[in-house]
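The structure displayed is predicted, hence computed values, not measured ones. Indexing begins at 1, ligand by ligand and atom by atom, following the structure's order. Note that these values count all heavy atoms, side chains included, but never hydrogens, waters or copies made by symmetry.
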Amino acid sequence: MKLSEKIKKIAPSATLEITSKAKALRASGEDVVILAAGEPDFDTPQIIKDAALKALDSGYTKYTPAAGSVSLKKAICQKLKKDNGLEYSPNEVIVSNGAKHSIYNILQVLCSDGDEVLIIPPFWLSYPEMVKLAGATPVKLSMRKDNFFKVDPNDLERAITSKTRVLILNSPSNPTGVIYDKDELKAIAEICVKNKIMIISDEIYEKIIFDGNEHFSIAEVSPEAKEATIVINGVSKSHSMTGWRIGYAAGDKDVIKLASTLQSHATSGPCSISQVAAECAILSDLEDVMDKNRETFQQRRDVLIEGFSGEDKIKPFKPLGAFYLFCDISKCGVDSMTFSKDLLEEKNVAVIPGGPFGDDSAVRISFATDIETIQMGIDRIKEWVKKF
Ligand code: PMP
Ligand code: GLU
């Protein structure tokens with residue numbers, strides 16, 4: 001059978017694959033510690049579920065406009081104004097089936113065959129694959145372990161060619177939890193604006209930030225930066241709504257219009273009931289819930305940092321946001337896939353290899369699970385790495 005050469009070149013999502021493999025092992029009766037999940041373990045707040053139930057009962061069960069319902073888009077505009085100081089109108093917003101789908105759509109619209117898209121390693125593993133699906137080439141910048149994994153503006157400037165169309169920025173970052181401050185964002189924005197490069201700013205972990213740090217959107221730093229930026233966000237991580245599949249993009253109205261055309265043929269509008277739920281999530285005052293979740297994540301992070309302190313075979317990088325611990329395993333002398341595979345087989349602990357994130361000397365440990373599981377994971381991993 002002749003199948004698409006383009007799709008054959010795409011790697012399946014290791015995060016989704018390993019998580020489901022570990023869950024299947026657990027379902028078969030194995031005592032598996034799963035530190036792989038890319039989703040909050042908290043349930044969706046009841047008020048949001050109630051809004052969805054009400055939508056169902058009142059027959060809100062039909063197609064919505066392809067780019068999302070106008071009332072949800074208005075709510076998103078309010079959120080972007082309130083939280084980020086960014087002014088958008090509904091025709092500058094598209095609602096999609098998760099932030100992943102928003103990024104996919106925007107890349108399809110911004111890229112043509114042969115274009116280049118700059119990615120900062122370690123990166124969320126879907127970025128390079130989505131770039132390839134858009135016919136463009138992912139260009140991975142130098143990894144700056146010496147700069148807390150943040151992009152060096154000189155590296156950025158050097159990597160720009162006549163084919164560069166887009167930079168993907170992710171703050172707080174998956175997998176390192178790095179966050180960029182305003183001055184750093186300003187320096188990046190200036191380079192992009194000067195070179196007419198669009199910025200896709202993935203802010204999905206905006207609400208999960210530790211130690212009193214603050215989130216800034218690169219679109220906030222200047223009017224020119226706002227024009228060059230497509231902001232990506234959603235309710236998956238902020239409101240524990242990963243399964244509802246609602247994300248959005250905001251930016252230039254021509255880009256959004258083309259993304260809407262694409263979406264109108266690919267998927268139509270996202271689930272009508274999920275849209276009502278997302279509108280409730282965005283418009284309700286749920287700061288208390290989000291604060292509590294943030295505190296819980298921070299406590300778990302601290303347990304992990306403390307648990308691995310003094311270890312040299314598994315050295316964590318302290319995240320300031322998101323819910324992942326990126327750990328250096330270079331002293332173990334194996335690649336990240338071997339490490340993760342053997343750890344799962346020999347100790348029943350699931351972590352994600354760093355290779356697909358652009359760093360084969362690291363693994364990603366998720367702390368989107370309870371403290372007892374985390375503690376069990378720490379104990380098993382510490383015991384296991386002694387063999388190296
Ligand atoms: N961006 C990053 C960095 C992520 O880790 C995820 C995780 N799923 C997403 C986007 C997509 O989120 P979703 O599609 O669930 O809204
Ligand atoms: N983004 C999450 C992760 O990195 C969820 C899985 C996925 O969508 O890739 O684990």
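For Lys140 and Phe123, the positive end is not near the middle of the six-membered ring at less than 6.0 Å and at most 45° from its axis. Within the cation-pi definition used here (under 6.0 Å to the ring centroid, within 45° of the axis), Arg364 qualifies as a partner of Tyr324. Geometrically, Lys226 engages Tyr88 in a cation-pi contact defined by less than 6.0 Å to the ring centre and at most 45° from the axis.
Between Tyr324 and ligand 1, no N or O atom pair is found at a separation short of 3.5 Å. The shortest N or O to N or O distance between Ser126 and ligand 2 is not below 3.5 Å.
Taking a cut-off of under 4.0 Å to the non-hydrogen atoms of Arg245, the atoms of ligand 1 that pass are 13 (P), 14 (O), 15 (O). The Ser13 neighbourhood of ligand 2 comprises atoms 9 (O), with distances under 4.0 Å to a heavy atom of that residue. When each atom of ligand 1 is checked for a heavy atom of Asp202 under 4.0 Å away, the hits are 1 (N), 2 (C), 3 (C), 10 (C). Heavy-atom contacts of Arg364 reach the following atoms of ligand 2: 3 (C), 4 (O), 10 (O) (cutoff under 4.0 Å). Listed by number with element, the atoms of ligand 2 under 4.0 angstrom from any heavy atom of Lys100 are 7 (C), 8 (O), 9 (O). In summary, the atoms of ligand 2 found under 4.0 Å from a heavy atom of Lys237, numbered by their order in the structure, are 1 (N), 2 (C). Each of the following atoms of ligand 1 lies closer than 4.0 Å to a heavy atom of Ser236: 13 (P), 15 (O), 16 (O). Taking every non-hydrogen atom of Gly98 and a distance limit under 4.0 Å, the qualifying atoms of ligand 1 come out as 14 (O), 16 (O). Set against the non-hydrogen atoms of Tyr324, the atoms of ligand 2 under 4.0 Å away are 2 (C), 3 (C), 4 (O), 10 (O). Atoms of ligand 1 found under 4.0 Å from any heavy atom of Tyr127 (numbered from 1 in listed order, with element): 3 (C). Of all atoms in ligand 1, listed by their number and element, those nearer than 4.0 Å to a heavy atom of Ala99 are 11 (C), 12 (O), 13 (P), 14 (O), 16 (O).
Distances from atom 8 (N) of ligand 1 to the heavy atoms of His101, Glu39, Lys237 put Lys237 nearest.
Sparse packing is recorded around CE of Met337, with 12 or fewer heavy atoms of other residues, nucleotides or ligands lying under 6.0 Å away. Atom CD of Glu287 is surrounded by more than 12 heavy atoms from other residues, nucleotides or ligands within 6.0 Å.
Contacts with ligand 2 closer than 4.0 Å are made by no heavy atom of Phe323, backbone or side chain. If you look at Thr242 next to ligand 2, there are no close heavy atoms at all, none under 4.0 Å. Residue contacts with ligand 2 for Thr19 are absent, since no atom lies close enough (heavy atoms, distance under 4.0 Å). Contact annotation for Asn170 and ligand 1: only side-chain heavy atoms (C-beta onward) come within less than 4.0 Å of the ligand.
Not a single heavy atom of Glu17 sits under 4.0 Å from any atom of ligand 2. The closest approach between a heavy atom of Thr242 and any atom of ligand 1 is not below 4.0 Å. Heavy atoms of Glu39 stay at 4.0 angstrom or farther from ligand 2.
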Subject >> Test log, rule side-chain contact (heavy atoms from CB on, under 4.5 Å), inputs Leu118 and Ile120 >> reply: CA-CA 7 Å; Leu118 302 176; Ile120 304 164; over 6 Å; no
Subject >> Stepwise side-chain hydrogen bond (donor to acceptor under 3.5 Å, both in side chains) check, Glu92 with Ser89 >> reply: CA-CA 5 Å; Glu92 294 170 304; Ser89 50; 3.2 Å; yes
**OP:** Start with the C-alpha distance between Cys271 and Arg245, add both sets of side-chain angles, then the distance that settles side-chain contact (heavy atoms from CB on, under 4.5 Å), and finish with yes or no.
**Re:** CA-CA 8 Å; Cys271 165; Arg245 311 307 304 129; over 6 Å; no
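Residues satisfying the side chain to side chain contact (heavy atoms under 4.5 Å, CB included) criterion with Ser20, sequence neighbours excluded, are absent altogether. For the ring pair (Phe, Tyr, Trp, His ring centres under 6.0 Å) test, residues two or more places apart in sequence or in another chain that qualify with Trp124 are Tyr127.
For Lys347 and Glu383, the salt-bridge test fails: no basic side-chain N is under 4.0 Å from an acidic carboxylate O. Contact check on Arg158 versus Asp155 returns a salt bridge, with a Lys/Arg side-chain nitrogen under 4.0 Å from an Asp/Glu carboxylate oxygen.
Under the ring pair (Phe, Tyr, Trp, His ring centres under 6.0 Å) test applied with Phe149, the options Phe317, Phe357, Tyr180 reduce to a single match, Phe317.
Regarding atom 9 (O) of ligand 2, its nearest protein heavy-atom neighbour is Thr15 OG1, 2.7 Å. With hydrogens left out, the protein atom closest to atom 5 (C) of ligand 2 is Gly38 O, 3.6 Å, a heavy atom. Among protein heavy atoms, atom 10 (C) of ligand 1 sits closest to Trp124 CZ3, 3.3 Å.
Close placement of the Phe323 and Phe297 rings is indicated, their centers lying within 6.0 Å of each other.
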